[in-house]
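Below, chains carry the letters A, B, ... as their sequence lines are ordered, and counting in each starts from 1. Everything numeric in this text was worked out from a predicted model, so none of it was measured.
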There are 2 protein chains.
Amino acid sequence: MSRSNPRVLATLERAGGFASAQEVYQLMQREGERIGLTTVYRSLQSLLNDKIVDLLHREDGEAIYRLCGESHHHHLVCKSCGDTVEIEGGAIEKWANSMAQEHGFREVGHTAEIFGLCSKC
Amino acid sequence: MSRSNPRVLATLERAGGFASAQEVYQLMQREGERIGLTTVYRSLQSLLNDKIVDLLHREDGEAIYRLCGESHHHHLVCKSCGDTVEIEGGAIEKWANSMAQEHGFREVGHTAEIFGLCSKC
DNA sequence: GCATAAATGAAAATGATTGTCATTTTCATA
DNA sequence: TATGAAAATGACAATCATTTTCATTTATGC
């Protein structure tokens with residue numbers, strides 16, 4: 001059972017609590033920390049098990065890790081210019097929970113993104 | 001400009017309007033259709049451009065394509081056995097629309113998936 | 001000090017996706 | 001019908017994130 005390397009968590013925090021494994025790794029490299037990519041992956045996996053971070057996916061499928069405890073939010077993304085707005089997702093939480101309960105699912109998480117054209121585009 | 005192979009669309013329909021590129025490919029192989037994986041990818045990409053299908057991502061990041069126009073629903077997926085339940089997303093539609101309006105976004109779409117452990121797992 | 005388990009990281013394996021390029025098909029027009 | 005340009009196709013290689021393997025290092029208890 002591998003415990004998570006505390007420097008990985010520290011770096012994720014420094015990155016704004018929202019980054020992919022590759023990004024965390026590159027950040028640590030640039031800051032001169034000596035760490036292997038494998039360890040970054042393992043640490044993030046372990047933080048995930050301990051429910052210290054959440055896992056979601058970018059549009060291209062790359063996994064991004066988000067610090068839990070950060071206020072849980074979703075994204076409104078412009079299809080044209082890529083501009084992103086963080087939005088509240090209270091309604092989604094309730095929806096996800098009630099749907100899960102209705103079908104007997106436990107330990108539920110969810111992803112939700114909205115995309116469209118922003119006022120400028 | 002590559003047009004989409006109609007057999008790919010037909011197969012996606014047959015698959016329930018919801019499958020990954022790899023799955024569409026394997027399905028076509030099994031049914032004896034002679035087609036290359038590359039063409040499947042290109043066709044799906046092209047269907048995406050033409051807004052005939054939507055793109056979303058599975059929990060592991062694999063891209064899945066969904067036929068538009070299908071009665072719009074969402075999925076509740078078991079993390080363990082992969083069992084999937086289609087669920088209504090009325091609350092989500094409203095949430096997406098109101099959030100979009102609030103921030104001046106037009107032509108909005110959204111993705112939302114719930115995942116957890118089903119009653120059997 | 002020493003033995004043993006856990007942590008580490010380099011390198012290879014994996015799996016989805018994309019790029020390349022030579023070949024084939026389509027189709028309008030000569 | 002013959003022809004040629006443009007589009008479509010598919011085998012194969014390249015790319016990129018992620019996982020696995022395995023040998024080595026580090027930490028910990030005795």
Side-chain angles (χ1 to χ4, degrees), chain A residues 1-12 15-50 52-67 82 109 111 113, chain B residues 1-12 15 18-50 52-67 75 77 79-82 84 111 113 115:
Chain A
M1 218 127 309
S2 79
R3 229 169 299 131
S4 80
N5 185 316
R7 292 180 295 153
V8 170
L9 180 53
T11 305
L12 183 58
F18 202 72
S20 72
Q22 303 280 343
E23 286 166 353
V24 168
Y25 174 66
Q26 279 165 36
L27 231 150
M28 296 182 80
Q29 292 286 300
R30 263 185 249 117
E31 292 175 355
E33 305 219 37
R34 229 180 293 94
I35 194 168
L37 181 56
T38 314
T39 304
V40 172
Y41 272 103
R42 266 192 297 238
S43 293
L44 288 171
Q45 199 60 50
S46 162
L47 289 167
L48 194 64
N49 281 343
D50 299 347
I52 297 177
V53 302
D54 272 348
L55 174 62
L56 4 110
H57 290 275
R58 251 205 263 289
E59 267 237 65
D60 65 353
E62 186 178 358
I64 48 184
Y65 297 85
R66 175 181 59 190
L67 268 181
T111 65
E113 305 292 319
Chain B
M1 220 127 308
S2 81
R3 228 169 301 129
S4 79
N5 185 316
R7 291 179 295 151
V8 170
L9 180 53
T11 305
L12 183 57
F18 201 72
S20 72
Q22 303 282 342
E23 286 166 353
V24 168
Y25 174 66
Q26 279 165 35
L27 230 151
M28 296 182 80
Q29 292 286 300
R30 260 184 251 118
E31 292 175 355
E33 305 219 38
R34 229 179 292 93
I35 194 167
L37 181 55
T38 314
T39 303
V40 173
Y41 271 103
R42 267 192 297 238
S43 294
L44 288 171
Q45 198 61 50
S46 162
L47 289 168
L48 193 63
N49 281 343
D50 299 346
I52 297 177
V53 302
D54 273 348
L55 173 62
L56 8 108
H57 290 275
R58 252 205 262 289
E59 258 233 80
D60 65 354
E62 188 177 358
I64 47 185
Y65 298 83
R66 175 179 61 189
L67 267 182
H75 293 265
V77 186
K79 296 194 255 208
S80 173
C81 68
T84 299
T111 65
E113 304 295 317
F115 41 89

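If you measure from atom CG of B:L37 to atom P of C:dT20, you get 17 Å, rounded to the nearest angstrom. In this entry the distance linking CG of B:D60 with C1' of D:dC16 reads 15 Å, nearest Å. Counting to the nearest Å, the C1' atom of C:dT17 and the NE2 atom of B:H57 are 11 Å from each other. In this structure, B:I64 places its CD1 atom 19 Å from P of C:dG15, rounding to the nearest Å. A:E59 places its CD atom 17 Å from the C1' atom of C:dA16, with the value rounded to the nearest Å. When rounded to the nearest whole Å, the span between CD of B:E62 and C1' of C:dT18 equals 15 Å. Atom OH in B:Y41 sits roughly 5 Å away from atom C1' in C:dT17 (whole-Å rounding). Between the P atom of D:dT18 and the CZ atom of B:R58 lies a distance of 17 Å, rounded to the nearest Å.
Separation of atoms OG1 (B:T111) and CG (B:D54) is listed at 9.0 Å; rounding is to 0.5 Å.
Residue contacts shown for A:I35 are limited to sugar-phosphate atoms, with no base heavy atom under 4.0 Å away. Heavy atoms of A:R34 sit under 4.0 angstrom from primed sugar atoms or phosphate atoms, though from no base atom. Using a 4.0 Å heavy-atom cutoff across all strands shown, B:Q22 reaches at least one base atom of the nucleic acid.
Taking only distance into account, the side chain of B:R42 meets the base of D:dG10 through a donor-acceptor pair shorter than 3.5 Å.
At C:dT8, none of the side-chain N or O atoms of A:T39 fall inside 4.0 Å of OP1 or OP2 (strictly under the cut-off). B:N5 has no side-chain polar atom (N or O) that falls below the 4.0 Å cut-off from OP1 or OP2 of D:dA8.
Among residues two or more places apart in sequence or in another chain, the side chain to side chain contact (heavy atoms under 4.5 Å, CB included) test is passed with B:A10 by B:R14. Listed by chain and residue number, nothing satisfies the side chain to side chain contact (heavy atoms under 4.5 Å, CB included) test with A:R34 (two or more places apart in sequence, or in another chain). Remark: B:N49 engages no residue in a side chain to side chain contact (heavy atoms under 4.5 Å, CB included) (not counting sequence neighbours). When the side chain to side chain contact (heavy atoms under 4.5 Å, CB included) test is applied to A:E59, no partner is found at least two apart in sequence or on another chain.
Sorted by first and then second residue, the ring-ring contact (aromatic ring centres under 6.0 Å, His included) pairs with a member in residues 23-50 of chain B form an empty list; sequence neighbours excluded.
Salt bridge absent: A:R7 and A:E31 never bring a charged side-chain N and a carboxylate O closer than 4.0 Å.
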Could you go through nucleotides 12-14 of chain D and list every protein N or O atom that sits under 3.5 Å from one of its N or O atoms, giving the distance for each pair?
| residue | atom | partner | partner atom | Å |
| --- | --- | --- | --- | --- |
| D:dC12 | N4 | B:T38 | OG1 | 3.3 |

